[in-house]
Amino acid sequence: MKIAFTAKGSKWNSKIDPRFGRTEYLLVYDTESEEFKSYNNSDIENETHGAGPKTAKLIFDIGADVLITGNGPGENAAIALEKAGVEIFTGAENMKIKEALEAFDNKQLKIFKR
Amino acid sequence: MKIAIASGKGGTGKTTLATNLASYLSEEKQIILADLDVEEPNSGLFIRAEKIFQEDRYKMIPGWVENDCTYCGICQEVCNFNAIINLGTHILVYPELCHSCYACSELCPTAALPMQKQKMGVLKHYKKGNIDFVESRLDIGQEQAVPRIAQTLDYINSISDNKEIILLDSPPGTSCPVIEATKDADKVILVTEPTPFGLHDLGLAVETMQKMNKDFTVVLNRFGVGNADVEDYCKKNNIRIIAMIPDSRQVAELYSRGELVYDKVDSFKQSLDSIKHYILGK
């Protein structure tokens, strides 16, 4: 299973970026290979419109099964993520990535429904 | 001749000026007044006229034909607005992000994205004496003002015989809708007020008009409140102030009742007269 996090940096101890579409980084943890990858999403600031769909498309290309974020995606992104079959968990906005993963494992995050 | 009445800051008196000026000038001239503030048009509150034409207006967006699609992804690559994304087994189109450029539709190798009509608003044409009043309204939930403004300008060109004075009541701000509303204007009148907000947003509007190489002047409304910074700014930057409309409770009261002002407030009429001379080049 691949878990994607919206993040303010590229490290395990980086903080969660509460925003979805305009997140600075996406960090992806693969629970099978235990691999950890980061994707720099900062070019998104050049998009005046449609940041949500664009970042959702990146999540789809990465092949993430689960998204862990802060506030939750907006309507446009949520439609795409739903179509892509990504499960979304919110409420991790004040956590570091590793804390957010623990919270997810302990089922402490909120399931996001459109 | 096309005159755009724009501002920068909202609520400085664009509509008050546009409607009163239209009515005043119509005593001598044929006038077309267009309300291009399509997100909340309100000139119609002051120009009560007889409706002679109404038409729904549409924009074109791509509609996905699943059976014809090969998921090649060209549509997504050519879209500058992230309005279409390819999810491998599904193409998602976001109508509110689409700018109707046709690129995805035209470049689709299997013609799986034919353009389709979507209603985005209503155009209404009224007549009162020498005034043709055109109101353009965007439907609730529609996000793009620019195509509606462009269509309205096309309509105005279609009814104009190039002899009228065309007054364009523009949206506030300095973003795309304002560019669209002012880009074909021969002259732009920027309405502001003598306050720090008025000065700040006037500065942005001036920069915009300079970039567009527009012939523009300033009308200072509610003269007497605030301070002299707007006048100093205009003097320093060689910007002509063609009228200073005194602040007046009576104007506000008339406006709040949806009434025209110039036939009841003499100082307002004098300001309109200065503006008339500027427009007619006297």
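Per chain, numbering begins at 1; letters A, B, ... match sequence-line order.
Counting heavy atoms of neighbouring residues, nucleotides and ligands inside a 6.0 Å radius, atom CZ of B:F197 does not exceed 12 of them. B:R57 CZ: more than 12 foreign heavy atoms inside a 6.0 Å radius. By the neighbour-count criterion of 12 heavy atoms within 6.0 Å, atom NE2 of B:H90 is densely surrounded, having more than that number from other residues, nucleotides or ligands. Within 6.0 Å of the CD atom in A:E87, the count of heavy atoms belonging to other residues, nucleotides or ligands does not exceed 12. More than 12 heavy-atom neighbours from other residues, nucleotides or ligands sit within 6.0 angstrom of NZ on A:K8. Shown here is B:K117, whose NZ atom has no more than 12 heavy atoms of other residues, nucleotides or ligands within 6.0 Å.
Here A:H49 contributes atom NE2 and B:C98 contributes atom SG; the two are 12.0 Å apart, rounded to the nearest 0.5 Å.
Judged by distance alone, with hydrogens and angles left aside, the side-chain atoms of A:K57 form a donor-acceptor pair with the main-chain N or O of B:N86 at under 3.5 Å.
Of the options B:I91, B:I85, B:L87, a side chain to side chain contact (heavy atoms under 4.5 Å, CB included) to A:K83 is made by B:L87 and by none of the others.
For the pair B:L97/A:P53, a side-chain contact is recorded, criterion being any heavy-atom separation below 4.5 Å from C-beta on. Considering only heavy atoms from C-beta on, A:N76 comes within 4.5 Å of B:E96 through its side chain.
Nearest heavy atoms, A:A80 versus B:Y94: CB-OH, 3.4 Å.
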Q: Go through the steps to decide whether A:E47 and B:N82 satisfy the test side-chain contact (heavy atoms from CB on, under 4.5 Å), and finish with yes or no.
A: CA-CA 9 Å; A:E47 302 291 332; B:N82 301 313; 2.9 Å; yes
